[in-house]
Amino acid sequence: MKQIFTALMCMVAVAMFTACGGNANKKNADGTTETKSTVEVVSEKWPVNEYTKLIPKLEGVTITGNQATDNAYFVGHDVVTSGWSIADCKAYAEQVKKAGFTIPGAGSDDVAKETATSYTFGAENSDGVAVSLYTNGSNGGISIQKSKNSN
């Protein structure tokens with residue numbers, strides 16, 4: 001369970017902080033390289049798209065940024081937060097469960113993990129869309145994505 005959450009959080013962190021996931025480079029005839037990015041930092045407001053419509057709108061927490069995710073493996077959306085307490089994240093996880101995200105990820109028996117300084121939640125819905133939440137008691141994020149290899 002810990003390994004799954006760690007791997008998922010690392011993937012989200014890399015996508016959020018580098019904003020370079022999903023770049024498609026094309027070599028032009030003149031030898032120059034054209035870079036086309038499929039990651040877009042949208043705004044500091046709650047995004048509305050086909051993925052975020054599957055989960056409740058996050059209220060009472062500052063959104064510091066969000067971006068669409070589209071790479072070779074996943075498509076979805078990531079939201080970065082601040083001012084997100086562990087208690088607030090746990091309460092939001094309960095709302096996400098009510099929205100149908102209750103299936104533990106592969107190799108896991110549980111969807112949530114809490115330590116003295118952090119809280120993580122990760123689950124899938126019946127359509128194979130995965131959501132993960134995390135907070136360190138002040139900053140955190142939400143990732144909702146679907147594998148491009150799933151049906």
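Computed from a predicted structure; not experimentally measured. Hydrogens, waters and symmetry mates are skipped; everything else that's a heavy atom, side chains included, is used. By convention here, the first residue in the shown sequence is residue 1.
- Two residues are said to be in side-chain contact when any heavy atoms from C-beta on lie closer than 4.5 Å; I144 and V129 meet this criterion.
- Counting all heavy atoms, side chain and backbone alike, K45 lies closest to I63 at C-CD1, 4.0 Å.
- Using a 4.5 Å cut-off on side-chain heavy atoms (C-beta onward), Y51 and V131 make no contact.
- For the residue pair V61 and S82, the shortest heavy atom distance occurs at CG1-O, 3.4 Å.
- In this structure the side chain of K53 reaches within 4.5 angstrom of the side chain of V48, judged on heavy atoms.
- For the atom pair CH2 (W84) and OG (S138), the distance works out to 12.0 Å, reported to the nearest 0.5 Å.
- Distance CD/Q145 to CG/N71: 7.5 Å, rounded to 0.5 Å.
- Residues A72 and K148 approach most closely at O-CD, 3.9 Å, considering heavy atoms.
- Nearest heavy-atom pair, K146 versus G128, reported as atom, atom and distance to 0.1 Å: CG-O, 4.2 Å.
- Atom-to-atom distance recorded for N139:CG and T62:OG1 is 10.0 Å, nearest 0.5 angstrom.
- Under the 3.5 Å distance criterion, the side-chain polar atoms of T52 are matched with a main-chain donor or acceptor of P47.
- Across E50 and L54, no two heavy atoms sit closer than the pair O-CG, 3.6 Å.
- The heavy-atom pair separating I142 from W46 by the smallest distance is CD1-CZ3, 4.0 Å.
- In the model, S118 has no side-chain atom that pairs as donor or acceptor with a side-chain atom of N136 under 3.5 Å.
- Of the possible polar contacts, none joining the T135 side chain to the Y119 backbone as a donor-acceptor pair under 3.5 Å is found.
- One distance of note links CD1 of I103 with CG of N125; it measures 6.5 Å at 0.5 Å rounding.
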Quiz: residues 86-96 side-chain donor-acceptor pairs under 3.5 angstrom, not counting sequence neighbours:
unit_1, atom_1, unit_2, atom_2, d
D88, OD2, S85, OG, 3.2
K90, NZ, E114, OE1, 2.9
Y92, OH, P56, O, 2.5
E94, OE2, K97, NZ, 3.1

